[in-house]
Amino acid sequence: MKNSVVVQDISVWWLYIVRCANNSFYTGITTNICHRLLLHNSGKGARYTRMHGPVEIVYFEIFFNRSAASKRESFIKAQSRAAKLQLVAQLSY
């Protein structure tokens, strides 16, 4: 019998913050950040971004499971705008 290797498909979860047209922030998670950005900017994303779009990504983090990404999302959503501005300032690209 031949040896076989099982490779699991590893999903990468993105936590992201976008800046909306009115300069507000929206935080979310996704497995496909490019597709999600297209949805937000086409008016088919979250209700908040449909009302305040278009959007641009200003911050992101990568996680290897949904649970960790969701916990971080909840934490960031509970932060003040000033705290979010500091977080966004850390990522310069």
Side-chain angles (χ1 to χ4, degrees):
M1 180 176 218
K2 292 183 178 180
N3 290 338
S4 62
V5 176
V6 176
V7 178
Q8 292 182 336
D9 183 24
I10 299 174
S11 293
V12 174
W13 284 87
W14 297 79
L15 168 120
Y16 63 93
I17 299 175
V18 294
R19 179 177 290 125
C20 298
N22 68 347
N23 212 29
S24 63
F25 292 123
Y26 174 82
T27 303
I29 62 170
T30 185
T31 56
N32 187 332
I33 198 162
C34 294
H35 184 256
R36 185 59 56 93
L37 184 62
L38 289 172
L39 287 176
H40 284 309
N41 283 324
S42 69
K44 296 178 183 175
R47 181 185 314 185
Y48 187 86
T49 59
R50 284 195 305 264
M51 296 172 59
H52 302 284
V55 303
E56 65 174 334
I57 294 175
V58 294
Y59 182 82
F60 65 88
E61 295 177 14
I62 298 172
F63 296 87
F64 293 103
N65 63 65
R66 183 179 185 153
S67 177
S70 293
K71 287 175 185 175
R72 181 69 170 152
E73 176 189 24
S74 293
F75 177 79
I76 290 174
K77 284 184 172 185
Q79 297 300 299
S80 67
R81 178 170 175 80
K84 291 175 189 173
L85 284 168
Q86 284 184 328
L87 193 61
V88 167
Q90 291 176 16
L91 183 69
S92 57
Y93 53 87

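Position 1 is the first residue of the sequence, and the numbers go up from there.
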Under the salt bridge (charged side-chain N to carboxylate O under 4.0 Å, His left out) rule, what pairs show up with a residue in [range], not counting sequence neighbours?
range: residues 21-32; value: none
range: residues 17-28; value: R19-E56
range: residues 32-44; value: none
range: residues 64-73; value: E61-R72, E73-K77

Considering residues at least two apart in sequence or located in another chain, which fulfil the ring pair (Phe, Tyr, Trp, His ring centres under 6.0 Å) criterion with [X]?
X: F25; result: none
X: F63; result: none
X: W13; result: none

Under 4.5 Å between side-chain heavy atoms, counting indirect links through other Ile/Leu/Val/Met/Phe/Trp/Tyr residues: same cluster for [X] and [Y] or not?
X: V18; Y: W14; result: yes
X: L37; Y: L39; result: no
X: L38; Y: I17; result: no

Report all side-chain donor-acceptor pairs from residues 78-85 shorter than 3.5 Å, counting only partners two or more places apart or in another chain.
from : atom 1 : to  : atom 2 : distance (Å)
Q79  : NE2    : F75 : O      : 3.4
S80  : OG     : A83 : N      : 3.1
R81  : NH1    : N23 : O      : 3.1
R81  : NH2    : N23 : O      : 2.9

Which atoms form the tightest heavy-atom contact between [X] and [Y], and what is the distance?
X: A21; Y: G53; result: CB-O, 3.4 Å
X: L87; Y: I76; result: CD2-CD1, 3.7 Å
X: I29; Y: S70; result: CD1-OG, 3.4 Å

>> As an exercise, state the distance from CD1 of I33 to CD1 of I62, rounded to the nearest 0.5 Å.
In response: 8.0 Å
>> Can you list everything that forms a side-chain hydrogen bond (donor to acceptor under 3.5 Å, both in side chains) with S24? Sequence neighbours excluded, please.
In response: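 Result, side-chain hydrogen bond (donor to acceptor under 3.5 Å, both in side chains) vs S24: N22, Y48.
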>> Please enumerate all residues that pass side-chain contact (heavy atoms from CB on, under 4.5 Å) together with A46, with sequence neighbours excluded.
In response: Y26, H40, T49
